[in-house]
Peer 1: 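Shown below is the structure under consideration.
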There are 2 protein chains.
Amino acid sequence: MGESRGAELLWGSRGKTARPQRLALTVDRIADAAIEVADAEGMAAVSMQHVAAQLEVTKMALYRHVASKAELVAVMIESAVGEPPDLTTVPGGWRPRLVRWADLMRAAWDRHPWLPAATTGERLTGPREVGWTESAVAALADTGLDGSERMDAVFLLSGHIRNTQSAATAGTQPWTAEKHLRDILRDHSHRFPALLEAEGSTNGSARDNGWSFGLERILDGLAVLIDSRR
Amino acid sequence: MGESRGAELLWGSRGKTARPQRLALTVDRIADAAIEVADAEGMAAVSMQHVAAQLEVTKMALYRHVASKAELVAVMIESAVGEPPDLTTVPGGWRPRLVRWADLMRAAWDRHPWLPAATTGERLTGPREVGWTESAVAALADTGLDGSERMDAVFLLSGHIRNTQSAATAGTQPWTAEKHLRDILRDHSHRFPALLEAEGSTNGSARDNGWSFGLERILDGLAVLIDSRR
DNA sequence: ACACCTTGTGTCCGCCGGACACACAAGTTA
DNA sequence: TAACTTGTGTGTCCGGCGGACACAAGGTGT
């Protein structure tokens with residue numbers, strides 16, 4: 001990258017050839033470019049080379065602003081999840097608040113389908129991400145649940161978001177591989193009678209990867225516990 | 001790899017030097033070696049080179065038996081999850097059956113902590129994996145739930161297993177990063193009052209990443225729905 | 001005896017993350 | 001004004017990755 005500057009030195013205006021007035025590289029610009037790549041081509045396409053090309057610089061230029069790819073991904077995540085919401089204005093107690101929280105979080109993750117892929121494995125965690133957790137835990141303040149129960153409840157809920165979202169972008173699980181599963185069932189239906197029957201007896205509900213079903217079940221389950229504490 | 005055979009040709013027994021009586025390479029031996037590597041060093045350490053070295057062959061030899069790394073991983077998964085269980089002998093209806101199913105699945109995933117990492121993203125699915133789903137869906141046969149509800153319920157449950165297991169192996173989520181979270185709270189406690197308070201008011205329960213908590217909530221939530229259908 | 005087929009080897013390619021030395025403009029100080 | 005420092009982008013190199021492809025050398029069937 002960076003074509004030879006020989007001809008330019010010979011023929012160009014010599015005085016001010018190098019480094020034209022190009023936008024300065026910043027962490028934010030890098031993160032935005034990386035997010036753009038990830039939104040369009042998926043997390044697998046986010047390499048230092050690709051992001052740098054997007055900004056018309058060499059990949060090593062990026063390392064002046066981020067220490068490693070892991071750090072770049074961390075910055076991408078912080079930017080993509082956005083500011084955590086304020087749920088204190090939502091009326092109706094813990095359940096409507098959690099529903100609002102889940103909808104907002106799902107919306108953010110919907111805008112950036114690579115978030116599940118980016119947030120697996122050991123990694124750095126930023127303040128906004130912690131802020132989202134804070135927000136949900138706060139919504140459970142007056143439920144009579146103790147601290148670890150509140151944490152576990154939020155973990156359960158956000159895990160559900162993660163699962164439905166990653167299932168949405170990749171036919172990752174046996175039960176969500178729509179077409180794939182149907183093919184298997186056609187060829188091996190005798191081995192999976194219960195799946196075959198379940199496939200046939202759907203009530204024609206909207207296919208949302210079990211998002212609303214799981215959400216309702218989780219909230220119902222929390223309600224059972226919370227009511228029992230009163 | 002494979003040192004030059006010059007000296008051997010000059011000094012060796014010439015007739016039967018090459019290809020000593022070494023165990024024949026098979027898909028199963030390759031998968032076993034790969035699983036061994038993954039169990040010991042994690043999924044990131046599973047490369048064709050590393051697995052081949054484990055078997056004392058070149059990496060290209062593996063491609064005589066598997067078409068790609070994705071196929072190797074698929075075979076690893078099929079081998080690692082094991083045969084799906086027969087739950088029909090478990091008494092007490094759907095709930096004990098699902099508890100048994102979840103415990104068995106969690107045990108298998110516990111033996112192979114790389115399973116979460118290996119089963120994310122687009123991938124191939126084998127009969128055993130589908131068999132596990134079949135097994136759980138079958139356990140919900142007499143609940144009055146329709147087909148897609150049964151599928152969604154199993155998705156919800158197995159998603160919880162995946163989440164708790166991947167949280168166990170990597171401090172991946174803000175709420176499971178134990179030490180990390182504690183550090184953040186020490187430095188920024190004013191920004192996360194609810195987390196700080198939750199951290200303090202735990203009832204000293206066993207730390208299992210919310211496994212049993214989430215399992216009970218999910219099953220309670222399913223029970224609410226199932227009871228309402230009767 | 002010979003041809004074929006199977007199976008493992010060696011070499012090459014492009015891409016990855018990243019270390020490191022260098023180029024060069026701008027600001028600071030003498 | 002001249003010399004130095006600092007900050008930012010470039011070029012080159014490295015080891016490791018998945019994988020294509022040609023080749024070697026057994027075993028086997030005719």
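Proteins get letters first, then strands, A, B, ... in listed order; numbering begins at 1 in each.
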Peer 1: List for me each residue that meets side chain to side chain contact (heavy atoms under 4.5 Å, CB included) alongside B/Ala45, sequence neighbours excluded, and say none if there are none.
Peer 2: B/Val37, B/Glu41, B/His50
Peer 1: Taking only residues two or more places apart in sequence, or in another chain, which ones meet B/Trp109 in a ring-ring contact (aromatic ring centres under 6.0 Å, His included)?
Peer 2: none
Peer 1: Of the listed nucleotides (D/dG11, C/dG18, C/dT9), which one gets closest to any side-chain atom of B/Thr58?
Peer 2: C/dT9
Peer 1: Identify, with sequence neighbours excluded, every residue that meets salt bridge (Lys or Arg N to Asp or Glu O under 4.0 Å) alongside A/Glu197.
Peer 2: B/Arg150
Peer 1: Going by ring-ring contact (aromatic ring centres under 6.0 Å, His included), name the residues that satisfy it together with A/His65, two or more places apart in sequence or in a different chain.
Peer 2: none
Peer 1: For the pair made of CD1 in B/Ile30 and P in C/dT7, what is the distance, rounded to whole Å?
Peer 2: 11 Å
Peer 1: How close or far is atom P of D/dT12 from atom OH of A/Tyr63, stated in whole angstroms?
Peer 2: 18 Å
Peer 1: Could you state the CE-P distance from A/Met60 to C/dA23, rounded to the nearest angstrom?
Peer 2: 17 Å
Peer 1: Distances under 3.5 Å between protein N/O atoms and the N/O atoms of nucleotides 14-17 of chain D, please, pair by pair.
Peer 2:
unit_1 : atom_1 : unit_2  : atom_2 : d
D/dC17 : OP1    : B/Ser47 : OG     : 3.0
D/dC17 : OP2    : B/Gln49 : NE2    : 3.2

Peer 1: What pairs with B/Ser47 under side chain to side chain donor-acceptor pair (under 3.5 Å), at least two apart in sequence or on another chain?
Peer 2: none
Peer 1: Is the count of non-hydrogen atoms from other residues, nucleotides or ligands lying under 6.0 Å from B/Arg128 atom CZ greater than 12?
Peer 2: yes
Peer 1: Expressed in angstrom and rounded to an integer, what is the separation of A/Glu71 atom CD from C/dG18 atom P?
Peer 2: 10 Å
Peer 1: Rounding to an integer number of Å, can you tell me how far B/Leu55 CG sits from C/dT9 C1'?
Peer 2: 15 Å
